[in-house]
Amino acid sequence: MSGCLFCRIIAGEIPATIVYRSDDVIAFRDAHPQAPTHILVIPTRHIASLADVQASDTALLGRLITVAGQVAQAEKLNAGYRLVVNTGTQAGQSVFHLHVHLLGGRAMHWPPG
Ligand code: DGP
């Protein structure tokens with residue numbers, strides 16, 4: 001989708017450190033990391049947020065979580081990691097292209113802020 005930051009990363013128009021790429025999913029390092037390892041896992045098809053997901057996207061959502069786990073393993077996050085999907089402005093979503101945050105490399109607190 002033109003004007004979408006993450007679609008422009010997928011298209012190679014904006015540089016990013018890509019750690020995983022397939023036809024349906026890519027993963028790249030967050031530009032403003034909140035943990036020693038902070039990677040975004042996103043669908044290559046534009047979906048604005050989890051609130052816009054359809055029943056037909058079930059397999060794609062599974063792929064996002066599966067890839068996040070594979071990337072966590074590749075990043076050697078053996079002590080643990082956290083997946084976060086900010087959905088909507090009140091939850092802090094700032095980029096409206098569905099993404100899973102993969103955070104690791106430090107102790108996480110609960111409840112999150
Ligand atoms: P959220 O706030 O949940 O919508 O997360 C959006 C994330 O996107 C945030 O952690 C910062 C990251 N981000 C914003 N702009 C860029 C960019 O141009 N490149 C990369 N790699 N990450 C970005």
Side-chain angles (χ1 to χ4, degrees):
M1 195 179 100
S2 67
C4 169
L5 180 65
F6 288 175
C7 285
R8 294 186 68 198
I9 287 176
I10 292 162
E13 295 169 9
I14 294 176
T17 305
I18 293 172
V19 298
Y20 176 91
R21 184 189 277 278
S22 67
D23 284 347
D24 56 350
V25 176
I26 74 164
F28 53 93
R29 295 196 190 280
D30 194 292
H32 308 290
Q34 303 300 315
T37 300
H38 188 172
I39 290 167
L40 302 171
V41 184
I42 74 171
T44 54
R45 176 162 58 86
H46 183 85
I47 300 172
S49 86
L50 204 54
D52 299 285
V53 158
Q54 308 291 317
S56 55
D57 297 320
T58 300
L60 180 59
L61 292 181
R63 283 275 300 144
L64 292 175
I65 303 298
T66 302
V67 168
Q70 290 170 343
V71 172
Q73 207 166 7
E75 294 284 321
K76 303 191 184 338
L77 298 177
N78 305 319
Y81 55 87
R82 182 172 290 177
L83 303 182
V84 174
V85 183
N86 293 327
T87 305
T89 49
Q90 192 169 42
Q93 184 176 7
S94 61
V95 178
F96 282 79
H97 182 126
L98 176 63
H99 49 282
V100 177
H101 293 262
L102 165 61
L103 298 147
R106 65 166 169 82
M108 302 284 162
H109 304 289
W110 194 262

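The figures here come from the full heavy-atom set of this structure, side chains too, leaving out hydrogens, waters and symmetry mates. Read the numbers this way: they start at 1 and go in the same order the structure lists the ligands and their atoms.
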Engineer: Report every pair formed by an N or O atom of ligand 1 and a protein N or O atom separated by less than 3.5 Å, giving atom names and the distance to 0.1 Å.
Structural biologist:
unit_1	atom_1	unit_2	atom_2	d
ligand 1	2 (O)	G92	O	2.9
ligand 1	2 (O)	S94	N	3.4
ligand 1	2 (O)	S94	OG	2.9
ligand 1	3 (O)	N86	ND2	2.8
ligand 1	3 (O)	H99	NE2	3.0
ligand 1	3 (O)	H101	NE2	2.8
ligand 1	4 (O)	S94	N	2.7
ligand 1	4 (O)	S94	OG	3.3
ligand 1	4 (O)	V95	N	3.0
ligand 1	4 (O)	H99	NE2	3.0
ligand 1	5 (O)	H99	NE2	3.0
ligand 1	5 (O)	H101	NE2	3.3
ligand 1	10 (O)	D30	OD1	3.2
ligand 1	10 (O)	D30	OD2	2.5
ligand 1	21 (N)	R29	O	2.9
ligand 1	21 (N)	A31	N	3.4
ligand 1	22 (N)	A31	N	3.2

Engineer: Start with the C-alpha gap between L40 and F6, add the side-chain angles, then the distance that decides, and say whether side-chain contact (heavy atoms from CB on, under 4.5 Å) holds.
Structural biologist: CA-CA 10 Å; L40 302 171; F6 288 175; 3.6 Å; yes

Engineer: For the residue pair V41 and A27, what are the closest heavy atoms and their distance?
Structural biologist: CG2-CB, 4.1 Å

Engineer: Is it true that atom CD of Q90 has more than 12 heavy atoms of other residues, nucleotides or ligands lying nearer than 6.0 Å?
Structural biologist: no

Engineer: Would you mind reporting whether L98 and I42 have side-chain heavy atoms less than 4.5 Å apart?
Structural biologist: no

Engineer: Just grab all the side-chain hydrogen bond (donor to acceptor under 3.5 Å, both in side chains) pairs involving residues 66-79, residues at least two apart or on different chains.
Structural biologist: R29-E75

Engineer: Would you check if the side chain of H99 reaches a backbone N or O of H97 as a donor-acceptor pair within less than 3.5 Å?
Structural biologist: yes

